[in-house]
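Presented below is the structure to which this report refers.
In the text below, chain A, chain B and the rest are named by the order of the sequence lines, each starting its count at 1.
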Amino acid sequence: MSETRRDAVLSVRNMSMNFGGLRALSEVDFEVRKGEVVALIGPNGAGKTTFFNCITGIYAPTEGEVLATARDGKTRRINGMRTNLVCELGMARTFQNIRLFASMTALENVMIGRHCRTREGLFGAIFRGPGTRREEQEVVDKSYRLLQKVGLENVANEYASNLPYGAQRRLEIARALATEPFLLLLDEPAAGMNPQETLELKEMVIQIRHEFDVSVLLIEHDMKMVMSLSDRIYVMEYGRVIATGTPAEVSADPEVIRAYLGEESDA
Amino acid sequence: MLELKNIDTYYGNIQALRDVNITVREGEIITLIGANGAGKTTTLMTICGVVPARNGEVLFQGKPITRLSADKIVRMGICQVPEGRLIFPDLTVRENLDMGAFLRDDKSGVDSDLEQVFTLFPILKERRRQLGGTLSGGEQQMLAISRALMARPKVLLLDEPSLGLAPLIIRQIFDIIKQINRESNTTIFLVEQNANQALKVANRGYVMENGRITLEDACDKLLANDAVKKAYLGL
Amino acid sequence: MEYFLQLFFSGLSKGSVYALIALGYTMVYGIIELINFAHGEIYMIGAFTGLIVAGLLTALGWPVLAILAIAIVVAMFYSGAYGYTVEKIAYKPLRNAPRLAPLISAIGMSIFLQNYVMLAQTPDFLPFPNLVPDFAFMQPFKSFLGTSDLFIIVASIVVMAALNLFIKFTRMGKAMRATAQNRKMALLVGVNVDHVISMTFIIGSSLAAVGGVLIASHMGQINFYIGFIAGLKAFTAAVLGGIGSIPGAMLGGLVLGWTESFATGYVSSDYEDVFAFLLLVLILIFRPAGLLGKQRAQKV
Amino acid sequence: MAAESFVKNLKKSAVAALWLSFLTMPIMVIRVDTVEKTIAWRWMHLVWMLVGSFVFALAWHFLMDRRDRGGAATDANVEPTPSRFAVWLANPRVNRPLMALGLLFATAFPFLFSVYQTNILISALIYVVLGLGLNITVGLAGLLDLGYVAFYAVGAYAYALLNHHFHLGFWAVLPVGGILGAFFGILLGFPVLRLRGDYLAIVTLGFGEIVRLVLQNWDAFSFGPSGVSNIDRPGFFGITYSVDQATTYIYYLALLGVLLAIFVSGRLKDSRVGRAWLALREDEIACQAMGIDNTKAKLLAFAMGATFAGFMGVVFAAKTTYINPASFTFMESAMILAIVVLGGMGSIPGVILGAFLLMLLPEYMRAFSQYRMLLFGATMILVMVFRPQGLIRARRKIYKVNINTVDKA
Amino acid sequence: GKKDEDKNANATASSDKIVIGVAGAHSGDLASYGLPTLNAAKLVAKDLNAKGGINGKQVVIEPMDDQCKPELATNAATKLVSEKVNLVIGHICSGATKAALPIYKDAKIIVISPSATSTELTQNGEYPNFFRTISYDLVQGKAGAEFAVSTLHVKKVAIIHDKGDYGKGFAESAKKALEDGKVAQVAMFEGVTPGGVDYSAVVQKIKNSGADCVLFGGYHPEASKIIIQMHQKGLMIPFVSDDGVKDDTFIKTAGKDAEGVYATGPQILADNAIYKKAFADHKKEFGTEPGAFFPQAYAAALALTNAVAKAGSTDFDKVAAALRSEYVETPVGKIKFDAKGDAEGASFSVYQVKSGKYELVK
Ligand SMILES: Nc1ncnc2c1ncn2[C@@H]1O[C@H](COP(=O)(O)OP(=O)(O)OP(=O)(O)O)[C@@H](O)[C@H]1O
Ligand SMILES: Nc1ncnc2c1ncn2[C@@H]1O[C@H](COP(=O)(O)OP(=O)(O)OP(=O)(O)O)[C@@H](O)[C@H]1O
Ligand SMILES: [Mg+2]
Ligand SMILES: [Mg+2]
């Protein structure tokens with residue numbers, strides 16, 4: 001299981017994370033391959049978000065190894081790497097508790113995502129030469145296009161904090177996409193959306209995966225979305241991976257039913 | 001029990017609610033569904049006096065509460081589980097629950113309620129010494145619900161209680177809603193994205209679009225309504 | 001060794017002075033996250049009220065300790081009332097405003113109150129009668145600690161302990177902690193936030209008055225400007241100890257007092273403040289939330 | 001309705017007047033001398049207080065009603081409806097000529113008004129630049145800096161000492177001041193990287209005090225409290241001027257500084273760097289997770305702000321020709337911060353207006369002599385209460401999308 | 001001559017008035033040293049005006065606040081210049097005075113300060129327009145040091161100052177005098193932070209240093225706190241200080257601890273009629289006793305108005321000449337000014353607090 005496949009973009013080996021006495025993750029092995037949509041599910045408090053935090057550098061895992069293969073084909077060890085460098089490498093995330101830049105407009109929020117892909121510095125900003133101007137316009141245009149992608153172009157100039165919950169979630173996705181990731185990490189993107197909106201979101205994710213050629217790692221409690229969207233699923237409980245496999249395999253796994261899905265899965 | 005009459009609510013100069021009329025009878029479960037940004041959260045905030053209505057009136061047990069401050073409204077027995085897992089991040093789980101019972105004086109009742117909440121959500125008992133802010137999303141949501149239960153309100157306003165919870169727990173939440181409605185005759189005002197489930201537990205439902213109530217009916221009727229099916233049930 | 005002890009006690013009494021003012025500071029800060037620059041002025045007003053009471057009662061020929069008691073009570077009342085009013089005028093209208101707006105109105109309030117007292121009373125220094133008589137039993141320790149030093153130390157410990165119990169165990173204390181963390185949430189559990197904030201200001205301000213009277217009596221003089229430096233030092237102490245934390249304010253005050261005292265004693269008083277601030281920077285680098293402050297629960 | 005609320009306000013004001021009179025009674029009325037054992041009762045003060053506070057309370061309630069009727073205008077992210085005047089002003093066809101007119105006026109100023117007027121305007125202009133500098137650190141990047149005046153002191157002492165010891169001229173030291181400012185900015189930035197909010201505030205405050213105390217105590221270096229006098233006024237290719245001429249000359253220098261500062265901070269605000277600062281202000285974690293290097297952004301913000309102050313320090317030393325540590329107290333930092341917040345955080349015209357208000361107000365209130373600081377403090381409170389977002393609130397730029405390229409995609 | 005408001009300025013300075021600017025700290029932390037000067041000027045002007053003014057011209061006082069800050073002082077000075085005031089009393093702090101003087105010099109306005117003691121102000125000869133009624137640091141410090149050595153016969157002196165330009169100036173010249181004299185040794189030389197809540201650490205340090213005398217440069221608030229704490233800690237050595245301490249407020253605030261304290265200062269004879277009158281007038285007019293530097297300020301106002309009267313105009317050269325040549329009776333003695341601008345004739349001596357009053361030593 002721990003043998004790394006050649007097309008893995010993310011592979012995690014034997015990772016653990018302790019908070020004081022609490023072991024939030026223990027000996028997790030994990031892999032995302034190129035172009036895949038992988039879901040991570042599990043009961044509340046299982047350690048899913050903590051897993052995201054560990055691989056994006058927000059926490060440094062207590063043990064284990066995180067390897068990422070960026071678009072350049074090189075594989076790097078990234079545990080403990082600073083968050084911004086992880087993002088620059090090409091792993092972008094959204095947050096479970098939405099973290100938008102509240103008093104910036106929707107468009108600007110996305111433009112922030114372009115930051116690590118642009119180079120304009122202090123002097124460029126002050127003198128605003130043709131190169132800078134071109135880059136700026138490109139940032140604006142690309143960001144706007146991303147807003148179109150997630151259906152928010154008509155609120156481009158609204159403050160992010162004034163958008164409804166669902167729109168904020170989509171805006172976070174657009175912002176993450178703006179960093180040109182090879183791996184998109186979504187933490188409960190459908191939370192706060194109704195079934196219809198969830199459906200639209202799913203379509204959106206599928207489209208994004210093709211168009212931007214990204215792998216997606218998804219935490220979600222909406223089983224309908226998870227089951228129909230993902231190629232593979234990892235199930236976590238008390239910080240351990242208790243099952244992996246295709247949606248069909250996982251949803252039939254008695255362990256998973258006991259720990260997470262419950263008897264009659266009517267999702 | 002609770003009545004909203006011609007409510008208009010604004011954020012600055014943006015109108016979020018337009019002429020909203022809702023009636024909740026005692027002992028009833030009603031649900032309010034609607035798309036993102038329809039104004040559901042705003043409706044609850046207006047009832048609680050956090051975002052006061054500019055026009056119209058809110059009546060509770062026949063008395064107007066429109067201009068009362070939020071704490072007075074809570075004192076009258078209206079309690080809200082707010083959207084987005086609002087909890088006290090630097091208080092422990094236990095202290096958060098105690099804050100829920102802030103207005104209560106019956107110590108023994110509070111203690112037994114605490115036990116009850118811990119049996120409902122055993123994970124909270126495990127985590128009772130942890131700071132609220134470090135809980136996982138779902139744990140925070142459970143804490144928020146439990147906190148409201150600790151207040152023993154007459155009317156419980158729930159804003160998307162199932163948000164971020166595992167399927168198993170969601171089912172449990174809806175059971176709890178039914179249970180407290182049945183056992184302590186708590187009136188419940190449920191705002192849900194999970195319209196399917198919500199319409200199943202509730203007696204009556206309202207549909208909100210762009211700050212207006214567009215439909216109002218018994219839940220089974222709404223479940224059968226084509227427009228509702230298409231827009232909210234994802235069928 | 002004796003020199004060390006002397007400096008230790010100097011630092012202790014100086015630190016207690018800081019702590020006594022810092023306690024009120026930290027309370028107010030804890031609840032509305034406002035650096036209340038006017039707190040020093042409330043302390044000054046407490047001292048002036050104490051002076052006026054002492055003046056009136058001395059004229060009537062009352063015994064000193066009775067004067068002290070009454071002066072403290074009246075000063076507490078008036079300072080509390082000032083605190084209440086200041087909050088209503090300068091901070092309450094700014095509840096939803098950007099975070100720095102009340103900070104600026106606090107600075108404005110500080111300037112206003114200073115000049116108000118200067119104009120209404122006098123710009124000059126006024127003698128403040130010594131209301132704390134020297135106790136005989138303190139005589140042997142005189143070169144370490146005077147009676148008024150002892151009074152201040154005891155007062156600050158008592159106030160700290162009482163405040164700590166109050167915050168931990170009363171309903172109002174609970175409401176204060178809730179309000180401090182999240183005002184909207186506190187509203188939703190039925191806390192009367194306005195009332196709680198007013199109470200915090202009243203309590204914090206009356207504590208400043210206790211400090212005002214005792215310290216003025218200790219120093220023997222006051223003028224309209226004494227609040228400014230005292231306020232700044234108290235603020236430093238509160239941050240050092242971990243702002244919002246009651247025992248922290250006490251500890252912060254003492255650490256500050258000791259630093260200054262030892263820096264003076266072993267290096268030079270020229271640089272006592274430099275040492276105090278350097279220590280502050282050092283401590284905050286290693287404990288970004290102060291000595292006893294809790295790092296905010298930050299989960300992503 | 002209006003009459004009813006007026007009567008209500010009347011009542012409220014009466015209560016307020018009674019309360020305020022009661023509150024101020026001891027300090028306003030009684031004056032004791034505990035040595036001579038005399039007591040003076042000044043009951044007239046109480047009468048004034050009653051009348052004054054009643055009028056004040058009435059005005060207060062009237063304005064408060066008006067403010068609150070404007071909806072949740074205090075809410076950070078709700079744009080109030082711009083007044084018709086603001087809309088008119090926002091029209092480039094109106095504001096361009098207006099700006100040109102303003103610039104023309106500013107250019108002609110020294111020839112129209114007295115040296116005194118020019119002189120205080122120089123102070124105001126210096127503070128405009130300081131405000132714009134601090135606006136970068138506080139307004140854009142959200143790093144509350146209460147020790148900003150330290151950088152100003154660094155610039156001023158750089159010129160004073162280099163001039164005193166080596167007779168270096170104004171123009172030679174000007175860049176040195178800026179560079180030293182930036183250097184000290186970074187020096188301060190490093191230890192405080194991990195600190196948040198008000199912990200940052202106190203450390204910066206401490207830093208400012210340390211710089212001042214060192215200047216005050218280290219005689220051998222800085223001449224201690226007696227300061228450095230006879231600093232050369234700026235020359236121009238060896239020409240020296242009389243006081244009047246020099247004032248005019250420095251005025252233009254300061255004006256140039258202001259224009260430059262407006263230009264630079266305006267450009268920065270809507271640039272990649274500026275957006276990174278805003279993001280940093282809003283949410284550090286998200287900011288970092290979006291690939292922004294927080295450390296770099298913070299240090300850059302400190303350094304940029306400090307550079308402005310360093311430059312202005314040099315100008316200041318050249319203007320007064322004498323400096324001592326008394327000019328660089330905490331109160332000065334507080335004033336610059338007040339300029340930024342009162343004017344409107346992040347808003348360039350706001351900061352300019354704030355600087356003019358806070359610097360010129362005390363000057364023009366000289367007529368009130370001893371009451372001027374009282375009124376000044378009151379003004380600060382009132383402006384904040386009635387315009388919590390500052391005099392001119394910052395507006396985010398509306399970016400123009402190039403539709404062609406977008407559609408092509 | 002270009003400004004459009006010159007009309008106003010001319011109105012204030014019209015030929016039937018003599019406008020005297022009074023500049024100094026009228027607000028802020030040092031207001032208590034600045035406002036007494038303003039009061040003194042007002043009292044003198046009132047007296048003169050009651051007698052019909054100077055040569056028939058009314059005297060008008062124009063207060064100008066500088067908070068003792070250099071940059072505000074330059075603003076205040078330019079403002080006074082542009083208002084065409086004829087003469088200036090002020091500024092209070094040496095720093096502010098240094099910043100403002102070049103402006104007055106350029107405008108040819110006479111400035112007379114009651115309290116700016118920095119030695120270089122007069123001694124470096126740069127400001128022919130500057131006079132003062134207070135003796136400067138070098139004289140004061142030296143006087144204090146010499147008194148300690150020759151009269152008190154001390155051997156080890158602790159020199160303390162308040163880190164301000166006034167106090168440190170005094171302390172430094174005292175130190176220099178002691179080191180030059182080589183009779184007594186300087187045990188410690190340190191500044192205390194003004195406005196502090198407690199000075200017991202520095203007092204312990206003095207005690208520990210084995211000094212047998214304290215020389216203090218600074219103002220009375222710090223002095224009284226230090227002396228009180230010295231006595232509390234049982235440190236009963238002589239305390240010698242400067243003009244800033246020779247103030248009745250000091251005796252009041254330090255109470256019985258003030259007894260025995262020495263301070264240098266201008267000689268105000270107990271029966272000086274002018275001072276008595278000024279004192280009484282102040283109480284009558286303002287309801288309080290005068291504050292710091294009041295006698296010097298009163299003297300400055302008298303000297304200035306007298307010189308104008310003698311000169312018959314406010315012309316710079318004439319008034320300066322009159323100041324240098326005409327003796328005038330003031331609270332600080334019968335004085336005129338020397339070529340550099342320092343007061344001559346003011347006898348300068350050492351005082352000691354005895355039963356609640358400053359009394360001349362010897
Ligand atoms: N900073 C922290 N300090 C202490 N405990 C923490 C911290 N962060 C997370 N935990 C604990 O670790 C466990 C895992 O949390 P995590 O947020 O990863 O859960 P999750 O799987 O994302 O759950 P959910 O589906 O509810 O979001 C939880 O029990 C939580 O209380
Ligand atoms: N603080 C605010 N300031 C300005 N506008 C706001 C604010 N909060 C909400 N709104 C606006 O009010 C409208 C109603 O929002 P509300 O939050 O009530 O919707 P909702 O139905 O609860 O949506 P969701 O399902 O996303 O929670 C939305 O258009 C939203 O943009
Ligand atoms: Mg999670
Ligand atoms: Mg909602």
Side-chain angles (χ1 to χ4, degrees), chain C residues 29 33 35 45 48-49 51-52 54-56 58-59 78 81-82 85 89-90 93-98 100-105 107-117 119-122 126-129 232 235-236 239 243 270-271 273-274 277-278 280-281 284-285 288-290 298 300, chain D residues 19-20 22-24 26-28 30-35 37 39 45 60 64 67 72 74-76 138 144 191-192 194-199 201-203 205-207 209-210 213-214 217 285 289 330 334 337-338 340-342 345 370-371 373-374 376-381 384-385 388-390:
Chain C
Y29 180 90
E33 303 217 326
I35 305 175
I45 283 173
F48 265 93
T49 312
L51 176 70
I52 289 167
L56 293 177
T58 316
Y78 266 99
Y82 269 94
T85 313
I89 291 177
L94 295 175
R95 287 281 163 76
N96 300 318
L100 290 184
L103 182 74
I104 301 305
S105 74
I107 294 173
M109 188 48 94
S110 160
I111 295 175
F112 180 86
L113 289 177
Q114 272 173 25
N115 284 277
Y116 150 69
V117 174
L119 293 168
Q121 291 281 316
T122 162
L126 286 173
F128 198 103
L232 221 54
F235 173 46
T236 312
V239 176
I243 207 153
D270 285 347
Y271 291 100
D273 286 348
V274 175
F277 282 120
L278 280 179
L280 176 84
V281 175
L284 289 184
I285 287 174
Q298 265 265 345
V300 188
Chain D
W19 170 249
L20 286 176
F22 168 72
L23 193 66
T24 51
I27 287 178
M28 291 291 280
I30 310 170
R31 187 152 63 188
V32 299
D33 184 326
T34 48
V35 175
K37 302 218 178 6
I39 298 161
H45 287 186
W60 172 273
M64 214 54 176
R67 184 193 96 158
T74 52
D75 220 336
V138 178
L144 180 50
V192 302
R194 280 175 65 209
L195 301 180
R196 273 168 221 283
D198 297 322
Y199 291 96
I202 182 76
V203 172
L205 190 158
F207 174 79
E209 285 295 282
I210 289 174
L213 290 166
V214 167
N217 290 311
I285 290 176
F330 163 66
L337 181 69
V340 175
V341 180
L342 212 82
M345 276 222 287
Q370 291 163 62
Y371 296 95
M373 287 315 282
L374 186 84
F376 181 66
T379 311
M380 277 173 78
I381 302 170
M384 276 327 343
V385 167
Q389 302 283 342

Practice problem: Hey, could you give me the CZ/CG distance between C:F277 and D:L213, rounded to the nearest 0.5 Å? | Solution: 7.5 Å
Exercise. With rounding to the nearest 0.5 Å, note down the distance linking CD1 in C:I107 to CD1 in D:I381.
Key: 11.0 Å
Practice problem: For C:Q121 and D:I30, indicate whether the former's side chain and the latter's backbone hold a donor-acceptor pair under 3.5 Å. | Solution: yes
Quiz item: What heavy-atom pair brings D:P388 and C:P98 nearest, and what distance separates the two atoms?
Solution: O-CD, 3.6 Å
Quiz item: Hey, does C:L94 have a side-chain heavy atom less than 4.5 Å from the side chain of D:M384?
Solution: yes
Quiz item: Among C:T85, C:T49, C:V281, C:V117, which has the most heavy-atom pairs under 4.5 Å with chain D?
Solution: C:T85
Quiz item: Given that the side chain runs from C-beta out, which part of D:F207 has a heavy atom under 4.5 Å from chain C: side chain, backbone, both or neither?
Solution: neither
Practice problem: Measure the CG-CD distance between C:D273 and D:E209 for me, rounded to the nearest 0.5 Å. | Solution: 7.5 Å
Quiz prompt | From CD1 (D:I202) to OG1 (C:T236), nearest 0.5 Å | solution = 4.0 Å
Quiz prompt | Proximal component of C:L119, with respect to chain D [non-hydrogen, under 4.5 Å] | solution = side chain
Quiz item: Any idea which heavy atoms bring D:I27 and C:F48 closest together, and the distance?
Solution: CD1-CB, 4.2 Å
Exercise. Name the option with the most non-hydrogen atom pairs under 4.5 Å to chain C; the candidates are D:T379, D:L342, D:I39.
Key: D:I39
Exercise. Hey, could you give me the CG/CD distance between C:N96 and D:Q389, rounded to the nearest 0.5 Å?
Key: 10.0 Å
Quiz item: Hey, does the side chain of C:Y82 reach the backbone of D:L23 with a donor-acceptor pair shorter than 3.5 angstrom?
Solution: yes
Quiz item: Are any of the side-chain heavy atoms of D:T24 and C:Y116 separated by less than 4.5 Å?
Solution: yes
Quiz item: What option among C:I104, C:V274, C:L278 has the most heavy-atom pairs under 4.5 Å with chain D?
Solution: C:I104
Quiz item: What residues form a side-chain contact (heavy atoms from CB on, under 4.5 Å) with D:L195, not counting sequence neighbours?
Solution: C:L284, C:P288, D:V192, D:Y199, D:L200, D:V203
Quiz prompt | Interface residue of largest heavy-atom contact number with chain D, from C:I45, C:L103, C:I243, C:L113, under 4.5 Å | solution = C:I243
Practice problem: Verify, without hydrogens or angle tests, whether D:N217 (side chain) and C:D270 (backbone) share a donor-acceptor contact under 3.5 angstrom. | Solution: yes
Exercise. Can you see which heavy atom on D:M28 is nearest to which on C:A120, and at what distance?
Key: SD-CB, 3.7 Å
Quiz item: Less than 4.5 Å apart, any side-chain heavy atom of C:L100 and any of D:V340?
Solution: no
Quiz item: At their closest point, which heavy atom of D:F22 faces which heavy atom of C:Y78, and how far apart are they?
Solution: O-OH, 3.3 Å
Self-check item: Considering all heavy atoms, the nearest D:A201-C:I35 contact
Solution: CB-CD1, 4.3 Å
Quiz item: For C:T122, which residues count as a side-chain contact (heavy atoms from CB on, under 4.5 Å) partner, sequence neighbours excluded?
Solution: C:D124, C:L126
Quiz item: Looking at side-chain heavy atoms only, is the closest gap between C:N115 and D:F376 below 4.5 Å?
Solution: no
Quiz prompt | Side chains of D:L205 and C:L232 in contact at under 4.5 Å (non-hydrogen atoms) | solution = yes
